[in-house]
Amino acid sequence: MIVRNLSEANKTDRKIVSPDGNWTSTRLLLKEDNMGFSFHITTINEGADFQMHYQNHLESVYCISGEGEVETLADGKKYPIKPGTTYILDKHDKHALRAFKEMTMACVFNPPLNGKEVHNAEGAYELDAESIAE
Ligand code: 9YT
């Protein structure tokens, strides 16, 4: 069994601060743990309004605290986010995320992240060569 603590992980390189200033993500479970998914606790900064398109990953997001909205860009539908809301990007949906109040989110990624990823110009995470070959 693996046991980790968020406060402890926040003091390590598991904590990634996005260069765009929109979010901070502490990656509690990563590819190297061989679980087939990664698990992160992410803070979306108040006022953040940005687009993502996880072309290489499926992501599920659960809101623990805060307030915002997610918009699917293909159809312009907006979904309010409050504590308890889950959104599931089962179609690699291109989306915009907005935080009206700072949001704390639990995020799961399949395939798992290696740990250091930040968004590329399309709002995606690159796959490493090993994952592409799998
Ligand atoms: C909710 C979301 O997608 N935020 C961006 C950061 C990402 N969840 C991550 O790397 O944990």
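Just so we're clear, the structure is a prediction, and the values are computed from it rather than from any experiment. All heavy atoms count here, side chains included; hydrogens, waters and symmetry mates do not. Just follow the structure's listing: the first ligand is 1, and inside any ligand the first atom is 1.
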Can a donor-acceptor pair be found, under 3.5 Å and without considering hydrogens, that links the side chain of His53 to the backbone of His92?
yes
Counting only pairs under 3.5 Å, give me each side-chain donor-acceptor contact of residues 97-108, with atom names and distances, residues two or more places apart or in other chains.
residue, atom, partner, partner atom, Å
Arg98, NE, Asp49, OD1, 3.2
Arg98, NE, Asp49, OD2, 3.3
Arg98, NH1, Glu69, OE2, 2.7
Arg98, NH1, Glu71, OE1, 2.9
Arg98, NH2, Glu71, OE1, 2.9
Thr104, OG1, Ser65, OG, 3.2

Salt bridge (Lys or Arg N to Asp or Glu O under 4.0 Å) filter on Glu126, not counting sequence neighbours, yields none
Exercise. Using a strict cut-off of less than 4.0 Å between a Lys/Arg side-chain nitrogen and an Asp/Glu carboxylate oxygen, indicate whether Asp33 and Arg4 qualify as a salt bridge.
Key: yes
Report every pair formed by an N or O atom of ligand 1 and a protein N or O atom separated by less than 3.5 Å, giving atom names and the distance to 0.1 Å.
residue, atom, partner, partner atom, Å
ligand 1, 3 (O), Tyr54, OH, 3.1
ligand 1, 3 (O), Glu59, OE1, 3.3
ligand 1, 3 (O), Glu59, OE2, 3.0
ligand 1, 8 (N), Glu59, OE2, 3.1
ligand 1, 10 (O), Arg27, NH2, 2.6
ligand 1, 10 (O), Tyr125, OH, 2.5
ligand 1, 11 (O), Ser25, OG, 2.8
ligand 1, 11 (O), His40, ND1, 2.8
ligand 1, 11 (O), Thr42, OG1, 2.9

Across all chains, not counting sequence neighbours, the ring-ring contact (aromatic ring centres under 6.0 Å, His included) partners of Tyr125 are Tyr54, Phe109, His119
Using only atom types and a distance under 3.5 Å, with no angle test, would you say the side chain of Asp93 pairs donor to acceptor with the backbone of His95? no
